[in-house]
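Remarks on the structure that follows.
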Amino acid sequence: MDEDPCAGALIRKPLGGTADDLDAQVQNYTGILLEWRSWLEELAALFAESAPDVDAYAGEEERRRSRERGVAPVVALVVERTDAGELWRAACARTLTWYLESTGMASEDAEELADDVVDGEFESWVAPDVEAVGKARDIIGKHGA
């Protein structure tokens, strides 16, 4: 197991420097913010690629299919970013929630569904295999059907 307190976190830059070294702290926090921005930009591109048109013309069936298609790339990106360390499942649930919200799902429903899928299909410290991701995709794809 990882001894790193940031294992599985999306941002793995440790907080460093001392209270007396203001320049080092500024550089460190700037680096963390830039890494977070990079993560959000990567997600935005992925969501735009996977998300359906959420205007009035997009039918619910199209939205379900789109949600289903987006699961594997979202999970893969989180696993890549976190190395499936200790905190990876929380990061995955949050990211799946954001993805589902981006497809027009209500926030509460998205959070509940993402939490249920991650808790039910994925294990701590283990990158999900194709079967686990497939089950997660199926559960999300069938939601509301």
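Numbers here are sequence positions counted from 1. Here the structure is a predicted model, which is why all the values come from computation and not from measurement.
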Checking salt bridge (Lys or Arg N to Asp or Glu O under 4.0 Å) for the pair E41/R37: CA distance, chi angles, key distance, verdict? CA-CA 6 Å; E41 289 173 346; R37 179 181 176 166; 2.7 Å; yes

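- Here the options are V78, V117, L87, the test is side-chain contact (heavy atoms from CB on, under 4.5 Å), and the partner is C92; only V78 passes.
- Between E101 and S107, the side chains place a donor N or O and an acceptor N or O closer than 3.5 Å (distance only, hydrogens not considered).
- Atom CG of residue D23 and atom CG of residue N28 lie 12.5 Å apart, to the nearest 0.5 angstrom.
- Here the closest non-hydrogen pair linking T30 and V26 is OG1-O, 2.7 Å.
- If you look at W88 and F122, their ring centroids are closer than 6.0 Å.
- The distance from atom OH of Y99 to atom OG1 of T103, rounded to the nearest 0.5 Å, is 6.0 Å.
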Take E68 and R65 through the salt bridge (Lys or Arg N to Asp or Glu O under 4.0 Å) test and state the conclusion after the steps. CA-CA 5 Å; E68 187 176 349; R65 282 192 307 260; over 6 Å; no

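- To the nearest 0.5 Å, atom CG of residue L96 and atom CZ of residue R89 are 12.0 Å apart.
- With a 4.5 Å cut-off on side-chain heavy atoms, P73 and F47 do not count as touching.
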Check against side chain to side chain contact (heavy atoms under 4.5 Å, CB included), W125 and D83: CA-CA 9 Å; W125 299 94; D83 293 326; over 6 Å; no

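- To the nearest 0.5 Å, atoms CD1 (I140) and NE2 (H143) are separated by 9.5 Å.
- Atom-to-atom distance recorded for I139:CD1 and D116:CG is 8.5 Å, nearest 0.5 angstrom.
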Given the rule in the side chain to side chain contact (heavy atoms under 4.5 Å, CB included) test, do K142 and R67 qualify, once you have shown the distances and angles that lead to the verdict? CA-CA 10 Å; K142 291 176 184 169; R67 288 174 187 141; over 6 Å; no

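- With hydrophobic clusters built from ILVMFWY side chains whose heavy atoms lie under 4.5 angstrom apart, W36 shares a cluster with L46.
- Expressed to the nearest 0.5 Å, how far NZ of K135 lies from CG of D129 amounts to 8.5 Å.
- E42 CD: more than 12 foreign heavy atoms inside a 6.0 Å radius.
- In terms of heavy-atom proximity, A127 sits nearest to A84 at N-CB, 3.6 Å.
- The heavy-atom pair separating T97 from A114 by the smallest distance is OG1-CB, 3.3 Å.
- Side chain to side chain, R69 and S50 fail the donor-acceptor criterion of an N or O pair below 3.5 Å.
- Hydrophobic clustering (side-chain heavy atoms under 4.5 Å, transitive across Ile, Leu, Val, Met, Phe, Trp, Tyr) keeps L40 apart from L34.
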